[in-house]
Amino acid sequence: MNTTLLSGLNPPQLQAVTLPSQSALILAGAGSGKTRVLTTRIAYLISTGAVSPHEILAVTFTNKAAKEMITRLSAMLPINTRGMWIGTFHGLCNRLLRAHYREAALPQTFQILDSGDQLSAIKRVMKAQNVDDEKFPPREMQNFISGSKEQGLRAHDVEAFDPYTRRKVEVYAEYDAQCQREGVVDFSELLLRCYELLTRNTALREHYQERFKHILVDEFQDTNHLQYQWLKLLAGGGVTGSDVQRHTSSRQDRHSLFAVGDDDQSIYAFRGANVGNMKDLLRDFKVEAVIKLEQNYRSHGNILDAANALISNNRNRMGKNLWTQALGGEKLRVYEAPTDVEEAGFVVNEIRQLKSDGFKLAEIALLYRSNAQSRVLEHALVSAGLSYRVYGGLRFFERQEIKHALAYLRLMQNTDDDNALLRVINFPTRGIGARSIEQVQESAQMHGTTLWDAAARAGGKVSAFVGLIESLRSATAALPLPEIMDHVLVHSGLLEHYQNEKGAKKREAEERLENLKELVTAATLFVHENEDDSLTSFLTHASLEAGEHQAGDQEDALHLMTVHASKGLEFNAVFITGLEEGLFPHQNSQRVEGGLDEERRLMYVAITRARRRLYMSFAQRRMLNGQVSYGAPSAFLKELPEALLQWLSARAAPRNPFASFGYSSPVTPVQAPQQKEIAGAVWKTGQSVMHQKFGAGVVTGVEGRGNDGRVQVNFKHAGSKWLALEYAKLTAL
DNA sequence: CGCACGTGGTTTTTT
DNA sequence: ACCACGTGCG
C-alpha cells in the first residue's frame with residue numbers, strides 16, 4: 001500500500017485510521033485533523049484491499065463536506081470516486097429511493113420540496129381543512145411534521161391526548177396524503193421513506209447491509225434520531241439483532257460503524273440534533289474503541305486555553321482536553337464600544353492594521369450570533385472600501401426567480417405537482433386571479449383530481465396556461481438540458497417580465513435576469529459534470545444543493561458569517577462581535593432546557609476558529625429591531641481567564657469578579673426612590689421593582705440619572721437586564 | 001385583478 | 001430597521 005498515506009499522522013490519528021474492522025467513536029476536537037482522519041481511513045481501507053470502494057458508505061452533513069471528502073480521496077488514491085456512496089444523509093437516501101422508486105411507492109420522477117415548498121404545501125392543506133392558522137401557525141405545523149418524521153413517527157404513530165394535538169395529527173396525515181398524490185417528498189420524508197423501505201423490504205435491506213462493509217459518519221454529534229436509526233439499520237442493527245448470529249462469518253465486517261464527532265461542537269440541538277446518539281452508539285454497538293483526537297493543529301496556546309476554560313463550564317461532556325504544541329501567542333483582544341456603530345468602526349480600524357501587517361482579507365473572519373448584525377458591519381466596511389463576502393443568507397436555488405423557472409420545469413415533468421402549478425399559473429401575470437384559481441381548486445376537489453386536470457377542464461385563460469405548459473414540454477422534449485432551460489425562460493414569459501420592469505424595481509429585475517442567466521450556466525455545468533444529465537436529476541440537484549453563489553470566490557475578501565456558519569472553517573484572525581447578554585448568549589436560549597450550554601458550545605466553536613489572533617468585542621448599546629437596547633457584557637467573557645485577555649478599550653478589566661464589569665459602579669441616587677413613579681425616577685441598587693413585561697425584580701446597577709440613565713434589574717423570571725429609564729416602565733414595590 | 005399600504009414578527013440552519 | 005405577508009382599494 002501507499003506508505004505516504006499514513007505519514008505525518010500522530011499516534012491517536014494513526015490508531016483511528018488503521019483500526020481493524022470494528023465500530024468506533026472518534027472524539028475529534030476542533031482543529032484536530034478530523035476530516036483528514038476520515039478520508040485517510042477510507043483510503044487506508046481501500047488501499048489495504050480490505051474493501052473495495054463500492055463497499056463503503058460515507059455520510060456527511062453538508063454537500064460541501066461531501067465534495068471535500070471526494071476531492072481529498074481522489075488525491076490520495078487512483079480510484080474513480082464517482083460510483084462511491086459518499087454524500088449527505090439526504091443525498092444518499094435520494095439515491096436509494098431513485099434506484100428503488102417502485103418499492104418505495106414513488107413516481108420515477110418524484111421531486112423534492114425544500115422548506116419553503118413544504119410550508120406552502122402545509123398552508124394549502126390547512127386551508128382545505130379549514131384549520132385556523134391563528135391557533136395553528138403554519139410554521140409550527142411544519143416543525144411538528146418535520147419533528148415527528150425525524151423521530152420516525154408517522155401521523156398514526158403520534159400520541160395525541162388532547163384535541164389540539166389531534167388536530168395537528170390530522171393535518172400531518174392529510175399533508176402526507178397530499179404529497180403522495182402530488183408525487184413530492186420533503187427533506188425528512190427522504191430519510192423516513194428510505195428508512196421504512198429498508199425496514200419493510202428484507203431483501204433490499206440485506207443487500208445493502210451486505211454491501212456496505214464500512215459505514216463512516218462525519219459530524220456524528222449532529223445526527224438526529226432518525227438518522228441514527230437509519231445508520232443502525234444499515235450497519236446491521238447493532239449487535240443485539242438475532243440476524244447477526246446468522247452471519248457469523250461476515251460478522252466482523254458487518255458492524256463497522258466509524259463515527260467521528262465532537263460533543264463540544266454540537267450546536268444544532270435546536271433543529272433536532274441529538275448528542276445523546278454518541279453515548280447510544282457506545283452502548284448499541286458495544287464500542288470498545290473510543291479514540292480521542294486532542295492535539296490541536298490550528299490555534300495558538302492562548303486561544304486554546306481560553307476555549308478550554310470556557311467549555312469546562314458545561315456539564316455532561318464526554319470529556320476531552322485540547323492541547324497544542326504551539327506557543328501561547330498573542331493575548332485575546334477585548335474591546336468595549338459605546339455603540340454598535342463604534343464597534344464596527346473598531347473592527348474596520350483593526351482590519352486596516354491587520355492588512356498593513358500582511359494579513360490577507362480572506363484570512364480574516366467577522367463572526368456574529370445573528371444575521372441581522374451583519375448590517376452595521378457591512379456599512380462600515382463599505383465606507384472603508386474593504387471588500388467582503390457575506391456567507392449564508394439567501395441561496396441561489398432559493399431565489400424567487402429561480403424557483404419560478406424551476407416550477408415550470410417541474411410542472412412540465414410532473415403535472416401532478418400542485419405546488420409548482422400554483423407558483424406559476426399566474427406568474428408572469430396572465431390574468432388568472434385568486435378567484436379563478438379558487439375555482440380550479442374547487443373543481444379539483446369536487447372531481448377528486450389534481451389541479452392540472454381541473455385546469456385542463458376549465459376554459460379561457462386557465463386552459464391556455466395548460467396549453468402553454470404542454471407546448472413547452474413538446475418543444476423541449478428532444479433538447480439537452482441547457483436548451484430546455486433557455487427555451488422555457490423565453491417562452492414562459494419570465495425573461496420578458498423582468499425585462500419590462502421599470503422604475504424602482506428596475507435594479508432588482510436586472511439582478512434577477514442575471515440570476516436566470518446563471519441558471520442556464522448552472523444547467524450547462526451540470527450536464528458537463530454529471531453522467532445522469534436528465535431534467536429530473538437536475539431538479540433534484542437544485543433541491544438538495546441549494547448552492548452557494550460561487551461568484552467572486554477568488555477575490556481577496558473578508559468573510560462575514562454567523563458563528564453557526566463558521567463551523568469547520570478556520571482563519572488567521574477572527575473577530576467575535578456583539579458579545580452581549582441577550583445577544584450572545586441569545587435571549588431566547590434561556591427558555592430552552594440546556595440552552596445556555598448550547599450557546600456556550602457556540603462560543604467555543606467561535607473561539608476555536610482562530611489560528612493566531614482573536615478579537616472579541618461588545619457594545620454598551622445597539623440598535624436592535626429598530627430600538628436602542630442595552631446589554632451587559634456577555635457572561636462568556638467572564639468565563640475566560642483574565643490573564644489571557646488584553647483589554648483594548650479604555651476601561652480596564654474589573655477588579656471585583658462580582659461586579660458587572662465594564663461598567664462604573666452604581667451611582668448614588670440624589671433623592672430617595674419614590675413609590676409608583678413611572679419614568680424619571682431615581683433608583684438605587686437593592687430596590688425591588690415591578691416591570692410590565694418582565695415582572696418583579698431587584699435593581700442591581702444604576703448608570704446616569706433621570707431619563708438619560710439606565711438601570712440594571714435582575715428579574716425573578718426574565719433574568720438580568722439593563723433598561724433605559726426613558727422607555728422602561730418601572731414601578732417601585 | 002393588481003397594486004399600495006399596513007401590520008406583525010424578528011436566533012441559529014442544512015437538507 | 002426591515003421584511004414578509006395580508007387586506008383593501010382603484
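From a predicted model like this one, the values you see are computed outputs, not experimental measurements. Residue numbering restarts at 1 for every chain, and letters A, B, ... go by the order of the sequence lines.
If you take CG of A/L113 and P of B/dT14, they are 19 Å apart, rounded to a whole angstrom. Note: CD (A/E378) to P (C/dA1) measures 17 Å, nearest angstrom. Taking atom CE on A/M126 and atom C1' on C/dG6, their separation rounds to 15 Å, with Å as the unit. Between the CG atom of A/D114 and the C1' atom of B/dT13 there is a distance of 13 Å, rounded to whole Å. When rounded to the nearest whole Å, the span between CD of A/E134 and P of C/dG6 equals 11 Å. What separates CZ of A/R601 from C1' of B/dT12 is a distance of 13 Å, to the nearest Å. Look at NZ on A/K123: it is 12 Å from P on C/dA4, rounded to the nearest Å. The distance between atom CG of A/N143 and atom P of B/dT13, rounded to the nearest whole Å, is 15 Å.
Between the side chains of A/R98 and A/T540, at least one donor-acceptor pair of N or O atoms lies under 3.5 Å. A donor-acceptor contact under 3.5 angstrom links the side chains of A/Q111 and A/Q413, judged on distance only. No donor-acceptor contact under 3.5 angstrom links the side chains of A/Q142 and A/S115, judged on distance only.
Contact annotation for A/G626: base contact, defined as any heavy-atom pair under 4.0 Å involving a base atom. In this structure, A/F584 reaches neither bases nor backbone, as no heavy-atom distance under 4.0 Å exists between it and the strands shown. Counting any heavy atom pair closer than 4.0 Å across all strands shown, A/D222 reaches no nucleic acid atom. Residue-level contact check: A/N63 touches the backbone only, with heavy atoms under 4.0 Å from sugar-phosphate atoms and none from bases.
Comparing atom distances between the A/F187 side chain and each of B/dT13, B/dT15, B/dC1 picks out B/dT15 as nearest. Minimum atom distance to the side chain of A/R375 is reached by C/dC2, of the listed C/dC2, B/dG2, B/dT15.
For A/S188, no side-chain nitrogen or oxygen approaches OP1 or OP2 of B/dT15 to under 4.0 Å. Between A/T88 and the phosphate of B/dT14, there is no side-chain N or O to OP1/OP2 separation shorter than 4.0 Å.
Between A/F89 and A/W230, the ring planes are perpendicular. Angles over 60° get that label, and only those under 30° would be called parallel. The aromatic rings of A/Y391 and A/H559 sit parallel, their planes meeting at an angle under 30°, below the 60° perpendicular limit.
Below the 3.5 angstrom threshold, one finds a donor paired with an acceptor across the side chain of A/S115 and the base of B/dT15.
Nearer the 5' end of DNA chain B, as judged by each residue's closest nucleotide, is the contact made by A/N426, out of A/N426 and A/L544. Map A/I432 and A/L602 each onto its nearest nucleotide of DNA chain B; the residue landing nearer the 5' end is A/I432.
Annotation: A/E511, atom CD; neighbour count of heavy atoms from other residues, nucleotides and ligands within 6.0 Å does not exceed 12.
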Provide a list of protein-nucleic acid N or O atom pairs under 3.5 angstrom, restricted to nucleotides 7-11 of chain B.
unit_1 : atom_1 : unit_2 : atom_2 : d
B/dT11 : OP1    : A/N588 : ND2    : 3.2
B/dT11 : O4'    : A/H586 : NE2    : 3.1
B/dT11 : O2     : A/R369 : NH1    : 3.1
B/dT11 : O2     : A/R369 : NH2    : 2.1

Distances for protein N/O vs nucleotides 4-6 of chain B N/O pairs under 3.5 angstrom?
none

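A/S617 approaches A/E343 most closely through the heavy-atom pair OG-OE2, 2.7 Å.
Between B/dT14 and C/dC3, the two C1' atoms lie 22 Å apart (nearest whole Å).
Looking at A/L451, A/V462, A/L422 one by one, the single match for side-chain contact (heavy atoms from CB on, under 4.5 Å) with A/I437 turns out to be A/L422.
In terms of modelled atom types and a separation under 3.5 Å, the side chain of A/T429 and the main chain of A/G431 share no donor-acceptor contact. A donor-acceptor distance shorter than 3.5 angstrom exists from the side chain of A/N224 to the backbone of A/L226, with no hydrogens or angles considered.
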